[in-house]
Amino acid sequence: MTKNKKTVVLGATSKPEKYAFKAISLLVEKGHSVIAIGQNAGEVAGVKIKTKAIPLKNIDTITLYLNPSRQRDYYNYIVEAKPKRVVFNPGTENPELYQLLELNGIQVEVACTLVLLTLNQY
């Protein structure tokens with residue numbers, strides 16, 4: 001298992017009670033590089049939240065914290081980033097996007113990033 005998996009958290013937030021916040025914190029704690037993209041600027045565990053989609057390369061994982069209707073705006077962005085996989089956290093399940101990703105050779109993982117990290121299965 002590679003130690004540092006460059007990860008994009010889509011739907012990032014600086015609200016401590018939100019799962020995206022917890023995921024960023026745990027990713028950083030476990031030594032992963034994190035790019036956080038959200039609606040509002042902020043900072044979590046030293047990671048600044050970007051409010052615009054930035055160019056991405058060498059991405060291992062994109063982990064989603066956006067409901068399916070909000071994901072639609074990011075379909076092309078995700079495919080063009082060419083991540084190895086996309087993690088669909090609980091509440092983000094989206095068969096339409098699964099199909100698009102699989103057609104583009106991107107692994108779909110319906111799982112919880114926090115659980116994967118906690119069990120060292122990330």
Side-chain angles (χ1 to χ4, degrees):
M1 184 164 39
T2 356
K3 183 60 184 139
N4 181 0
K5 293 189 174 175
K6 193 170 176 187
T7 302
V8 176
V9 176
L10 212 45
T13 177
S14 57
K15 294 179 182 164
E17 70 277 9
K18 297 289 190 180
Y19 289 111
F21 178 98
K22 293 175 167 95
I24 295 167
S25 301
L26 196 52
L27 283 159
V28 168
E29 184 183 312
K30 297 268 187 178
H32 298 286
S33 306
V34 179
I35 297 167
I37 300 173
Q39 268 194 307
N40 302 306
E43 193 171 313
V44 180
V47 177
K48 291 200 183 312
I49 298 173
K50 317 254 187 268
T51 55
K52 293 190 174 23
I54 60 164
L56 300 172
K57 61 178 180 238
N58 305 320
I59 300 300
D60 182 85
T61 303
I62 293 179
T63 183
L64 295 175
Y65 289 94
L66 294 173
N67 70 46
S69 62
R70 300 239 352 265
Q71 292 169 19
R72 199 164 275 127
D73 293 340
Y74 292 97
Y75 282 11
N76 290 339
Y77 183 64
I78 293 169
V79 169
E80 287 166 14
K82 296 183 183 76
K84 289 188 179 90
R85 67 175 172 169
V86 174
V87 176
F88 288 82
N89 288 282
T92 67
E93 299 87 353
N94 182 348
E96 181 180 76
L97 184 50
Y98 302 164
Q99 194 174 15
L100 178 65
L101 294 171
E102 285 167 352
L103 283 171
N104 285 279
I106 298 167
Q107 181 189 340
V108 168
E109 194 163 346
V110 180
C112 174
T113 296
L114 291 169
V115 171
L116 292 172
L117 286 164
T118 303
L119 298 176
N120 291 319
Q121 295 176 350
Y122 192 78

Enquirer: For residues His32 and Lys5, report the shortest heavy-atom separation together with the two atoms involved.
Expert: ND1-N, 2.8 Å
Enquirer: If you count every heavy atom of other residues, nucleotides or ligands that lies below 6.0 Å from Glu102 atom CD, does the total exceed 12?
Expert: yes
Enquirer: Test Ile62 against every option in Val86, Val9, Thr7 by the side chain to side chain contact (heavy atoms under 4.5 Å, CB included) rule and name the one that passes.
Expert: Val86
Enquirer: Looking at Lys15, is its backbone amide N or carbonyl O close enough to the side chain of Thr13 to form a donor-acceptor pair, meaning the two atoms are under 3.5 Å apart?
Expert: yes
Enquirer: With the side chain counted from C-beta on, respond yes when Val8 and Leu56 share a heavy-atom pair under 4.5 Å apart, and no when they do not.
Expert: yes
Enquirer: Would you name the heavy atoms of Ala23 and Tyr65 that are closest together and state the gap between them?
Expert: CB-OH, 3.1 Å
Enquirer: Atom CD1 of Ile24 and atom CD1 of Ile49: how far apart are they, to the nearest 0.5 Å?
Expert: 5.0 Å
Enquirer: To the nearest 0.5 Å, how far apart are CG in Asn89 and CD in Glu109?
Expert: 10.0 Å
Enquirer: CG of Leu101 to CD of Gln107: how many Å apart, nearest 0.5 Å?
Expert: 10.5 Å
Enquirer: Between Tyr75 and Leu100, is a side-chain contact (heavy atoms from CB on, under 4.5 Å) present by the stated rule, with each step listed?
Expert: CA-CA 8 Å; Tyr75 282 11; Leu100 178 65; 3.8 Å; yes
Enquirer: Supply the atom-to-atom distance Tyr77 OH to Gln71 CD, rounded to the nearest 0.5 angstrom.
Expert: 14.5 Å
Enquirer: Crowded around Tyr98 OH? As in, over 12 foreign heavy atoms under 6.0 Å?
Expert: yes
Enquirer: Look only at the side chain of Asn104 and the backbone of Ile106, and say whether a donor-acceptor pair between them is shorter than 3.5 Å.
Expert: no
Enquirer: Under 4.5 Å between side-chain heavy atoms, counting indirect links through other Ile/Leu/Val/Met/Phe/Trp/Tyr residues: same cluster for Val34 and Ile59 or not?
Expert: no
Enquirer: Which atom names give the shortest non-hydrogen contact between Val28 and Ala45, and what distance separates them?
Expert: CG1-O, 3.9 Å
Enquirer: So, are Lys6 and Asp60 salt-bridged, with charged N and O less than 4.0 Å apart?
Expert: no
Enquirer: So which atom in Gly11 and which in Ala20 form the shortest heavy-atom distance, rounded to 0.1 Å?
Expert: O-CB, 3.4 Å
Enquirer: Taking the cut-offs as 6.0 angstrom to the six-membered ring centre and 45 degrees off its axis, would you call Arg85 and Tyr122 a cation-pi pair?
Expert: yes
Enquirer: Applying the 4.5 Å side-chain criterion to the ILVMFWY set and letting contacts propagate, would Leu27 and Ile54 be lumped into a single cluster?
Expert: no
Enquirer: Report yes if some heavy atom in the side chain of Leu64 is under 4.5 Å from a heavy atom in the side chain of Val87; otherwise report no.
Expert: no
Enquirer: Is Ile78 reachable from Val110 through a run of hydrophobic residues whose side-chain heavy atoms are each under 4.5 Å from the next?
Expert: yes
Enquirer: Using every non-hydrogen atom in the two residues, find where Pro90 and Ala111 come nearest and quote the distance to one decimal.
Expert: CD-O, 3.7 Å
Enquirer: Are side-chain heavy atoms of Ser33 and Asn4 found at a separation under 4.5 Å?
Expert: yes
Enquirer: Once you round to the nearest 0.5 Å, how far does CG of Leu116 lie from NZ of Lys30?
Expert: 11.0 Å
Enquirer: Would Phe88 end up clustered with Leu117 when hydrophobic side chains under 4.5 Å apart are linked, directly or stepwise?
Expert: no
Enquirer: Nearest 0.5 Å, what's the OG1-CG distance between Thr118 and Leu26?
Expert: 5.0 Å
Enquirer: Under a single-linkage definition using a 4.5 Å side-chain heavy-atom cutoff for Ile, Leu, Val, Met, Phe, Trp and Tyr, are Ile35 and Tyr74 assigned to the same hydrophobic cluster?
Expert: yes
Enquirer: So which heavy atom on Pro16 is nearest to which on Ser14, and how close?
Expert: CD-O, 3.3 Å
Enquirer: Looking at Lys22 and Glu17, is there a salt bridge between them, counting it only when a charged N and a carboxylate O are closer than 4.0 Å?
Expert: no
